[in-house]
Protein chains: 2
Amino acid sequence: MNARAVRPRGRPRSFDADAAMAQLIDAFWQGGYGATSVDDLARASGLARPSLYAAFGDKHAIYLAALDRVGQGMAAQVGALLDAEPDLATALRAVLRAATDVYLEGALGPRGCLIVCTATAESVEDPVIRAKLADVLDAMDALVAARFERARVEGNLAPGIDPVRRAPLVAATIHSLAVRARAGMDRALLEAMADEAAAVLAR
Amino acid sequence: MNARAVRPRGRPRSFDADAAMAQLIDAFWQGGYGATSVDDLARASGLARPSLYAAFGDKHAIYLAALDRVGQGMAAQVGALLDAEPDLATALRAVLRAATDVYLEGALGPRGCLIVCTATAESVEDPVIRAKLADVLDAMDALVAARFERARVEGNLAPGIDPVRRAPLVAATIHSLAVRARAGMDRALLEAMADEAAAVLAR
DNA sequence: TGATATTTATACCATTTCGCATTAAATTGA
DNA sequence: TCAATTTAATGCGAAATGGTATAAATATCA
């Protein structure tokens, strides 16, 4: 079960890289890219700066890794929720409600989505971040479109609804939930929006 | 027509404050808050730093003023478009198409919305920005809800549609258009989304 | 036990950033 | 013409930032 059969040669790490990365993600999620200094990252992860650089690279690399990890986690969770529910509207509602729950978490207050709410700020002047952002958005659209397509095949979709045209509106609701949560809007409003969207977009 | 009947006492300004503010807005819109330094702002506006401080205050104050001005401009434009079209779906489509056009502009590439794409990044750690962000989002929801209410009164709205529940989904489409534009997505995709949303949400 | 390899901690450096003090310039009013 | 008033430009200094050099610490392997 060990990732490496034998221990590597030198002094072993005194920290868990995965746990440290989770803390790094939290730091960026809360403060965004620009307002989070390398010192902040070191403090958040408990690592000294040289260890941080050695383990994860510079600030930019850490941020990209954070986007990757969060994007993959989101895709996995959304995919699972979409698969689990047999009814389309119910599946959409589950995803939108789950997004609401995630976006309202946060030590300092609701913090929305790392990708939607912090990567966008950088994406004009940073083509690498922009490309990663686009990838995550595309993947989410594709995931939802596939679920609409499944509903169509199963006869669970009203004729005249084009999965590829309709799916982006579901993702749009997710984007807006992220923005609104980070703006401090009430849970009641977000949940009403999630329910309304699930009902309207599935028929 | 002069703003001031008599000229003020000392050395007159050598710059147009409104034009300078427009340049400042552009700088923030492109780079976001964190990545835009005061030097960047000075360069963009053509002002020396002390003049910048004297005229508009510090970076934070300038950013808040930018959010104000952009928010008011958006509200005015959206309000006018919503008022102009007698049919609800057509009015929504006009607003969403106009948003698409604005969000795809930008010297360095499409830059989405200043408020949705840059203020969100700061809004967890900066309560003042968060409050302003919430105000703008609320105002937009209210504007759209009022248009739905007008449609209801005019018999242009299907019964069973609650203006207050439905309006946030229109704003949600706007938020997503902003995010997607800044992620570099194609105009065709944005326009299709705008049209689909206008059609689906109005009935 | 000692050579080798890797991580950690201290501390440093160059650069950027912010904000302002100071001085020069331009205009009005007497 | 000269004092008063306001803006503009130069440039300073403290603090923060990103990144790394160096050396001590901790482990494996022979």
Side-chain angles (χ1 to χ4, degrees), chain A residues 2-25 27-28 30-67 118 121-122 125-126 128-129, chain B residues 2-24 27-28 30-66 118 121-122 125-126 128-129:
Chain A
N2 283 341
R4 288 167 171 169
V6 277
R7 289 182 83 171
R9 194 83 188 290
R11 175 173 176 173
R13 280 216 165 121
S14 64
F15 62 93
D16 175 9
D18 264 16
M21 178 53 80
Q23 300 298 102
L24 295 170
I25 288 173
F28 276 132
Q30 188 161 282
Y33 183 77
T36 303
S37 70
V38 177
D39 265 346
D40 291 333
L41 294 174
R43 228 182 329 261
S45 62
L47 303 184
R49 288 234 295 279
S51 298
L52 198 60
Y53 276 93
F56 305 108
D58 65 8
K59 180 179 168 180
H60 196 250
I62 298 173
Y63 185 69
L64 290 175
L67 291 183
T118 77
E122 316 304 322
E125 296 194 338
D126 189 323
V128 180
I129 292 179
Chain B
N2 281 344
R4 289 168 171 170
V6 276
R7 289 180 84 169
R9 193 84 188 291
R11 176 174 174 173
R13 282 219 164 116
S14 64
F15 62 91
D16 175 9
D18 264 16
M21 178 53 79
Q23 300 298 104
L24 295 170
F28 277 131
Q30 188 162 280
Y33 183 77
T36 303
S37 70
V38 178
D39 266 346
D40 291 334
L41 294 173
R43 229 183 328 263
S45 62
L47 304 184
R49 283 227 297 284
S51 299
L52 198 58
Y53 278 95
F56 304 108
D58 65 7
K59 180 179 166 179
H60 196 252
I62 298 173
Y63 185 68
L64 290 175
T118 77
E122 317 303 322
E125 296 193 339
D126 189 324
V128 180
I129 292 178

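Order of the sequence lines fixes the chain letters, A, B, ..., with proteins taken first and strands second; residue numbering starts at 1 for each chain.
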Using atom [atom1] of [X] as one end and atom [atom2] of [N] as the other, report the distance to the nearest whole Å.
| X | N | atom1 | atom2 | answer |
| --- | --- | --- | --- | --- |
| D39(B) | dC18(C) | CG | P | 7 Å |
| F56(A) | dG19(D) | CZ | P | 16 Å |
| D40(B) | dT16(C) | CG | P | 12 Å |

Report summary line: Considering only heavy side-chain atoms of D58(A), the closest of dG19(D), dA8(D), dT27(C) is dG19(D)

Report summary line: Contacts of Y53(B) and R13(A) projected onto DNA chain C by closest heavy atom; the upstream (5') one is R13(A)

Report task. Report yes if at least one side-chain N or O of K59(B) is closer than 4.0 Å to OP1 or OP2 of dC18(C); otherwise report no. Result -> yes

Query raised in the report: Which pairs, with at least one residue in residues 9-24 of chain A and sequence neighbours excluded, count as a salt bridge (charged side-chain N to carboxylate O under 4.0 Å, His left out)?
Result: D18(A)-R69(A)

Query - Summary of salt bridge (charged side-chain N to carboxylate O under 4.0 Å, His left out) pairs that have at least one residue in residues 53-63 of chain A, sequence neighbours excluded - result: none

Query raised in the report: Per the end-axis method with five pairs at each terminus, what is the bend angle of the helix from dT1(C)-dA30(D) to dA30(C)-dT1(D), to 10°?
Result: 0°

Which heavy atom of [X] sits nearest to which heavy atom of [Y], and what is that distance?
| X | Y | value |
| --- | --- | --- |
| L24(A) | L41(A) | CD2-O, 3.5 Å |
| A65(A) | M21(A) | CB-CE, 3.7 Å |
| A44(B) | Q23(B) | O-CB, 3.4 Å |

Which pairs, protein N/O on one side and nucleotides 1-3 of chain C N/O on the other, fall under 3.5 Å?
none

**Report entry** side-chain hydrogen bond (donor to acceptor under 3.5 Å, both in side chains) pairs, two or more places apart, involving residues 31-46 of chain A
**Finding:** S37(A)-D40(A), D39(A)-R49(A), D40(A)-R43(A)

Query raised in the report: Nearest 0.5 Å, what's the CG-CZ distance between L47(A) and F15(A)?
Result: 4.5 Å

Query - B/S/- contact track for nucleotides 9-15 of chain D, protein heavy atom under 4.0 Å - result: BB-----

